[in-house]
Amino acid sequence: MVGWSSGMVELGDLAGLWQRLGGEELRGIFIGLNREQVEELVAAADARRVAGQKLSAIDGQIVAIKGNIALKGRATTAGSAVYATEIEAENAAVVQQVIEAGGIPIGPANMTEFAFSGIGLNPHYGNAPNGLDAALIPGGSSSGSAAAISNGICDLAIGSDTSGSTRVPAAFQGICGYRATMGRYPMEGVVPLGASLDVLGPMARTVDGICALDAVMSGKTLPDNKDVEERAFRLVVPDLEGLGISAEIMEMFEHCIDTLVAAGIHIVRRDLRPILKAHLLFSEHGTLVSVEAREQISQFVDLSKDQIDPQIKARLEHALPMTPKKLAYLRRQRAVLQSEVEGQLKGDLVLMPTVPDVPPLISEVEESIEAFQKANAQALRLTMITAFLNMPSLTLPVDPGKPSHSISICGAAVHDEQVLAAGRAVEHVLR
């Protein structure tokens, strides 16, 4: 029998956990806490451990659940003060899968209001602290999910990713995040943001943790280490000119490439035009997510309400309605570029930095609409491209102690297993 994870929680640990989460330092990680459910599930996991019965690789482990994902017995707010569902009668489908695998969902975790920002701040419930430096923004929108891991509350979490909302906070906080091919995970019980872009995303301290949680969320079998080690792969470094990547991040990235090549990882440099084309498309025509988000959120709430986070409200107001002709053009170009990526990669995987620069200080963006919007666009610049292209993308730290020192391994749609296997191999070299 596989041994129990060192990350599992026992019933005797809970009093200390609740006390720690009630302290001022970590209070912003969660919007609320489903204590009764957690205590019940921990007791059941304790009994299984004593009996030597293990349900899955995540059995007995706490899994932080983002605040836009339904937890039975709680209202789902999506980080808002003006929106809430009725008390949920059932867990979201993916939460139920976690429970059936022996995992212990805890939440709801804090997040950007309506998941509509890569910055990760929330004036209603406080800011989730960046575990590397609390003065820095945590990244969003899955800020609390990332902070739960980086601050040592748990090793696993579930966020959502529309344009980078698992990967940006993962990069800013020195952990791993994954955006799967759309449709890999069930979306029932999740408050939507952009229907053609939304996907749930596992987050974890390690790539092995991502793989374990992905197997539960997708209903697939977790491959053993031998199968993973025998998979050959090649990484393609695209031309990154014109994407505004800082000198610090490029230096980190080039050093990472040298390290991987020295370890025998096959890396080539090749122009992948769809990546730059997508970036230029956004610059000229606007983004698909801004249109879909405005349409979606306006179905929940009156966008003129003063209680909406002013930063989110400003971004929604900036997302002016797009003509049907322009929207159709964006969607056509998306299909074209997705096809081009698949044709050019031919099974290879992309290696690139996760984010273009280090996270700013909270004090630099919190009060300024202009500074916030500029920092948000920068944070999501690279992850938004791969989301638009429906590329499964794994983010992992090069140096877990340095914010933004993170790389992403991306593949064409449905190449999730190849991306995750490559990620395990790369992490083994870097760690």
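Residue numbers count from 1 along this sequence. As a basis for the values below, the full set of heavy atoms in this structure was taken, side chains included, without hydrogen atoms, waters or symmetry mates.
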Test of understanding: with ring pair (Phe, Tyr, Trp, His ring centres under 6.0 Å), list the residues that count as partners of His285, not counting sequence neighbours.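 If we apply the ring pair (Phe, Tyr, Trp, His ring centres under 6.0 Å) test to His285, skipping adjacent residues, the hits are Tyr329.
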Phe253: what forms a ring pair (Phe, Tyr, Trp, His ring centres under 6.0 Å) with it, not counting sequence neighbours?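 With sequence neighbours excluded, Phe253 shows a ring pair (Phe, Tyr, Trp, His ring centres under 6.0 Å) to no residue whatsoever.
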Rounded to the nearest 0.5 Å, how far does CD of Gln418 lie from CG of Asp348?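 Here the rounded value is 11.0 Å.
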Would you please name every residue forming a side chain to side chain donor-acceptor pair (under 3.5 Å) with Gln338, sequence neighbours left out?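 Not a single residue meets the side chain to side chain donor-acceptor pair (under 3.5 Å) criterion with Gln338.
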Using side chain to side chain donor-acceptor pair (under 3.5 Å) as the criterion, list what pairs up with Thr181, not counting sequence neighbours.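 With sequence neighbours excluded, Thr181 shows a side chain to side chain donor-acceptor pair (under 3.5 Å) to Asp416, given in chain and number order.
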Strictly by ring-ring contact (aromatic ring centres under 6.0 Å, His included), give each pair with a member in residues 374-427 just once, sequence neighbours left out.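 Only Phe282-Phe388 qualify under ring-ring contact (aromatic ring centres under 6.0 Å, His included).
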Not counting sequence neighbours, list each pair that qualifies as a ring-ring contact (aromatic ring centres under 6.0 Å, His included) and has a residue in residues 160-215.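 For residues 160-215, and leaving out neighbouring residues, there are no ring-ring contact (aromatic ring centres under 6.0 Å, His included) pairs at all.
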Under the rule for salt bridge (Lys or Arg N to Asp or Glu O under 4.0 Å), what residues qualify as partners of [X], not counting sequence neighbours?
X: Asp198; answer: none
X: Arg205; answer: Asp155
X: Glu24; answer: Arg27
X: Arg35; answer: none

Distance-only, no hydrogens or angles: does the Asn91 side chain make a donor-acceptor pair with backbone N or O of Gln96 under 3.5 Å?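 No: the side chain of Asn91 does not pair with the backbone of Gln96.
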Evaluate whether atom CZ of Arg270 has more than 12 neighbouring non-hydrogen atoms of other residues, nucleotides or ligands under 6.0 angstrom away.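 Counting neighbours around CZ of Arg270, more than 12 heavy atoms of other residues, nucleotides or ligands fall under 6.0 Å, so yes.
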Provide the full list of side chain to side chain donor-acceptor pair (under 3.5 Å) pairs with a residue in residues 63-74, sequence neighbours left out, each pair given once.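 Passing the test, one end in residues 63-74: Lys66-Ser141, Lys66-Ser142, Lys66-Ser160, Asn68-Ser160.
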So, [X] versus [Y]: side-chain donor-acceptor pair below 3.5 Å or not?
X: Thr386; Y: Arg167; result: yes
X: Gln373; Y: His318; result: no
X: Ser80; Y: Thr77; result: no

Restricting to side-chain contact (heavy atoms from CB on, under 4.5 Å), what partner residues turn up for Gln296, sequence neighbours left out?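 In terms of side-chain contact (heavy atoms from CB on, under 4.5 Å), with neighbours along the sequence ignored, Gln296 is linked to Pro192, Gln299, Phe300.
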For side chain to side chain contact (heavy atoms under 4.5 Å, CB included), just list the numbers for Leu382 and Thr354, CA-CA rounded to whole Å, side-chain angles, deciding distance to a tenth of an Å, and then say yes or no. CA-CA 7 Å; Leu382 303 181; Thr354 303; over 6 Å; no
